[in-house]
Amino acid sequence: MQESKNTILSTEEEILWQGKPKNKIFDAIDAVLLPANILGLGVICYIFFIVLPQFNMDLPIFFNIFYGLFIAIMAYIAFGRYFVKSFVQQRTEYFLTNKRSIIVRNFKRKKIISTEYKFIYNVKKKTNTDGTCKIVFGNSGPVGFLYENTFMYPSFLIKGIQPMGFYNIDSKDVAEIESIVSPIIK
């Protein structure tokens, strides 16, 4: 691990805190999203497999490909995102240095996401009922707070939707993180 720490740090940068997220798959918003997404997937499948065949139409191949893709996307949103979220959380590490906050995701190729403190203008903290916390650096936008850390969107395709943040961290670490970040961000 020492070798990997050296690859993410710049000169004159030292690690002040490091941690990993707890492997928590379901968030509070999933109490609403999961049933709604299953219902949406059910409606789409019903239309495609029950209603449309009753009309005995020869649909163009493009329509079938489009509908198949739509069903695959809805299946990901309803079920697949939980597997992806678990996979990503198991390979994620968080670091706070004297200059920036860093998220490292260890896949086949290491993915490093970082934000220098000079670009962060606020820090938001939320404690979940299970004792885990999230600390978000910056603004999540008008509806972003609903979808933070839900993996409903492919973040590898759409950049900038999810704000920089440490998700599902132990509440015992929050005070230490705040004591590091608060004096730096004013």
Side-chain angles (χ1 to χ4, degrees), residues 4 8 19-95 101-115 124 126-170:
S4 66
I8 63 172
K20 292 179 72 64
K22 288 186 173 184
N23 196 8
K24 178 183 164 194
I25 298 174
F26 295 102
D27 290 318
I29 191 71
D30 288 321
V32 174
L33 293 177
L34 184 60
N37 292 330
I38 291 172
L39 179 66
L41 178 63
V43 167
I44 290 168
C45 288
Y46 176 77
I47 291 170
F48 188 66
F49 294 113
I50 305 296
V51 174
L52 289 179
Q54 292 179 356
F55 290 109
N56 294 326
M57 296 185 303
D58 285 332
L59 298 173
I61 190 72
F62 171 76
F63 182 81
N64 290 329
I65 291 171
F66 174 75
Y67 223 71
L69 183 63
F70 199 64
I71 289 173
I73 290 170
M74 283 303 295
Y76 168 79
I77 290 173
F79 303 109
R81 66 189 174 98
Y82 299 109
F83 296 105
V84 171
K85 184 176 183 179
S86 176
F87 179 81
V88 169
Q89 283 180 349
Q90 290 172 7
R91 289 155 181 81
T92 298
E93 290 181 89
Y94 300 133
F95 297 93
S101 59
I102 304 169
I103 299 174
V104 177
R105 296 209 167 117
N106 294 305
F107 301 119
K108 286 184 180 179
R109 291 185 351 184
K110 185 179 295 196
K111 182 178 180 183
I112 300 171
I113 307 163
S114 70
T115 302
K124 289 185 264 179
K126 181 182 180 220
T127 304
N128 300 316
T129 54
D130 65 350
T132 60
C133 295
K134 70 176 178 181
I135 295 184
V136 179
F137 304 101
N139 194 3
S140 57
V143 293
F145 67 93
L146 291 174
Y147 300 105
E148 289 174 352
N149 203 38
T150 61
F151 286 78
M152 282 191 60
Y153 49 83
S155 61
F156 55 90
L157 293 177
I158 305 169
K159 302 290 183 204
I161 291 180
Q162 182 168 323
M164 175 74 168
F166 294 170
Y167 298 93
N168 300 330
I169 56 174
D170 197 333

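What you see is a predicted model, and the numbers here were worked out from it, not measured in a lab.
- Summarising the geometry, atom CD1 belonging to I77 is positioned 12.5 Å from atom CD1 belonging to I38; distances are rounded to the nearest 0.5 Å.
- Taking CZ of F166 as the reference point, atom OG of S101 lies at 5.0 Å (rounded to 0.5 Å).
- Other residues, nucleotides and ligands contribute more than 12 heavy atoms inside 6.0 Å of the CZ atom of F63.
- Side-chain contact between S114 and I103: absent, with no pair of heavy atoms (C-beta onward) separated by less than 4.5 Å.
- Note that CZ of R105 is 12.0 Å distant from CD1 of I112, once rounded to the nearest 0.5 Å.
- At least one donor-acceptor pair closer than 3.5 Å links the side chain of D130 to the backbone N or O of T132.
- Closest heavy-atom contact between A78 and L34: O-CD1, 3.3 Å.
- Aromatic ring centroids of Y94 and Y167 lie 6.0 Å or more apart.
- Using a 4.5 Å cut-off on side-chain heavy atoms (C-beta onward), I25 and D30 make no contact.
- Between F87 and F107, the gap from one ring centroid to the other is short of 6.0 Å.
- A donor-acceptor pair under 3.5 Å is absent between the side-chain atoms of S86 and the main chain of Y82, judged by distance alone.
- The CG atom of N168 sits 5.0 Å away from atom NZ of K24, with the distance rounded to the nearest 0.5 Å.
- Nearest approach of G40 to M74, heavy atoms of both residues: C-CE, 3.9 Å.
- Rounded to the nearest 0.5 angstrom, N64 CG and L52 CG are separated by 9.0 Å.
- With N106 as reference, E93 is the one residue of E93, R91, Q90 to meet the side-chain hydrogen bond (donor to acceptor under 3.5 Å, both in side chains) rule.
- Put simply, the side chain of N37 gets close to the backbone of L33: a donor and an acceptor are under 3.5 Å apart.
- For the pair L41 and F79, the minimum side-chain heavy-atom distance is below 4.5 Å.
- A heavy-atom distance below 4.5 Å is not found between the side chains of F48 and C45.
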| query | Yes or no on salt bridge (Lys or Arg N to Asp or Glu O under 4.0 Å) for K85 and D27, after CA distance, side-chain angles and deciding distance? | reply | CA-CA 11 Å; K85 184 176 183 179; D27 290 318; 2.7 Å; yes

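- No donor-acceptor distance shorter than 3.5 angstrom exists from the side chain of K111 to the backbone of V104, with no hydrogens or angles considered.
- Between Y67 and F70, the ring planes are tilted. Angles from 30° to 60° get that label.
- The minimum heavy-atom distance between N128 and C133, with the atom names listed, is ND2-N, 4.3 Å.
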| request: Mind running salt bridge (Lys or Arg N to Asp or Glu O under 4.0 Å) on D170 and K20 for me, showing each step along the way? | output: CA-CA 9 Å; D170 197 333; K20 292 179 72 64; over 6 Å; no

